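This report concerns only the one structure given below.
From a predicted model like this one, the values you see are computed outputs, not experimental measurements.
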Amino acid sequence: AAKGPNAFDCSGYTSFIMRQFGIMISPGSRNQCSQGKHVDLANAKVGDRLFVSAYDKGGIITHVGLIIDNSSEGITVIHANGHRHGIMVENVSKSSYWKNKILFARDVISAEAKAPIAER
């Protein structure tokens, strides 16, 4: 797994970015998916992490990205998408690959979301 700063996998990228803001989260997506507060997709905001599964809805967590926009146009994330693609900005709601794989979002930035992480 690539944790940066010269190369990243998806969860390495999200943990690296959060660390730049003093927020410590696991470098693994399967651990990140339980850190912070669950957020309904309709209420997901900039900085929340979006989790997806390569096995469609209900599958195991296989990817995570950082939400940079959530509007009527859909959810846009920045994410590390493999060594061939690098860091990408993508509207996952409109992506034929990602849209059926979106599972949920989690917040580790707001005050109510930080308390459980600080206890770990």
Side-chain angles (χ1 to χ4, degrees):
K3 307 303 178 205
N6 298 318
F8 291 102
D9 64 7
C10 64
S11 54
Y13 181 69
T14 55
S15 66
F16 177 84
I17 295 299
M18 290 296 173
R19 194 168 49 252
Q20 304 314 299
F21 295 94
I23 299 170
M24 304 306 286
I25 58 176
S26 169
S29 60
R30 291 191 187 138
N31 292 329
Q32 281 188 27
C33 74
S34 63
Q35 294 177 306
K37 178 182 170 190
H38 178 84
V39 178
D40 291 328
L41 292 175
N43 298 321
K45 60 193 175 312
V46 172
D48 289 344
R49 291 157 303 132
L50 184 75
F51 294 89
V52 300
S53 173
Y55 308 105
D56 296 333
K57 302 228 184 270
I60 61 170
I61 304 301
T62 58
H63 196 67
V64 60
L66 291 172
I67 296 174
I68 60 171
D69 187 47
N70 188 3
S71 68
S72 60
E73 296 296 315
I75 298 173
T76 301
V77 300
I78 186 168
H79 59 119
N81 194 12
H83 68 277
R84 284 182 277 163
H85 300 290
I87 306 299
M88 299 178 63
V89 173
E90 189 171 10
N91 184 328
V92 293
S93 301
K94 291 186 174 183
S95 164
S96 60
Y97 180 79
W98 293 111
K99 72 178 177 181
N100 292 324
K101 298 171 180 0
I102 298 169
L103 299 176
F104 57 86
R106 293 196 73 89
D107 167 19
V108 291
I109 296 175
S110 70
E112 63 268 14
K114 285 183 183 178
I117 293 172
E119 297 171 4
R120 293 178 189 193

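- Formation of a donor-acceptor pair under 3.5 Å by the Asp40 side chain with backbone atoms of Asn43 is not found in this model.
- Rounding to the nearest 0.5 angstrom, the gap separating the NE2 atom in His79 from the CD atom in Glu90 is 4.0 Å.
- Looking at Ser93, its side chain does come within 3.5 Å of a backbone N or O of Ile75 through a donor-acceptor pair.
- Ile67 contributes atom CD1, which lies 13.0 Å from atom CD1 of Ile78 (distance to the nearest 0.5 angstrom).
- Linking ILVMFWY side-chain heavy atoms closer than 4.5 Å, directly or via other members, places Tyr97 and Val52 in a single hydrophobic cluster.
- Note that the SG atom of Cys33 and the CD1 atom of Ile25 stand 11.5 Å from one another [nearest 0.5 Å].
- Between Phe104 and His38, the ring planes are tilted. Angles from 30° to 60° get that label.
- Residues Tyr13 and Val89 share a single hydrophobic cluster, defined by chaining ILVMFWY side chains whose heavy atoms lie under 4.5 Å apart.
- The cluster map of Ile, Leu, Val, Met, Phe, Trp and Tyr, joined by side-chain heavy atoms under 4.5 Å apart, puts Phe8 and Val108 in the same cluster.
- At distances below 3.5 Å, not a single donor-acceptor pair connects side-chain atoms of Ser29 with backbone N or O atoms of Thr62.
- Rounding to the nearest 0.5 Å gives a distance of 11.0 Å between CG of Leu50 and SG of Cys10.
- In the hydrophobic clustering of this structure, Ile68 groups with Phe21; members are Ile, Leu, Val, Met, Phe, Trp, Tyr whose side-chain heavy atoms approach within less than 4.5 Å, directly or through other members.
- Remark: Thr14 OG1 to Gln35 CD distance equals 9.5 Å, nearest 0.5 Å.
- Using a 4.5 Å cut-off on side-chain heavy atoms (C-beta onward), Met24 and Arg19 make contact.
- Put simply, the side chain of Asn91 gets close to the backbone of Glu73: a donor and an acceptor are under 3.5 Å apart.
- A distance-only check finds no donor-acceptor pair linking the side chain of Arg106 to the backbone of Arg49 [under 3.5 Å].
- A single hydrophobic cluster is seen to contain both Ile87 and Phe16, as judged by linkage of ILVMFWY side chains at heavy-atom distances under 4.5 Å, directly or through other members.
- Here the CG-CD1 distance, from Asn31 to Ile61, works out to 11.0 Å after rounding to the nearest 0.5 Å.
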Run the side chain to side chain contact (heavy atoms under 4.5 Å, CB included) check on Lys99 and Lys94 step by step: do they pass?
CA-CA 6 Å; Lys99 72 178 177 181; Lys94 291 186 174 183; over 6 Å; no

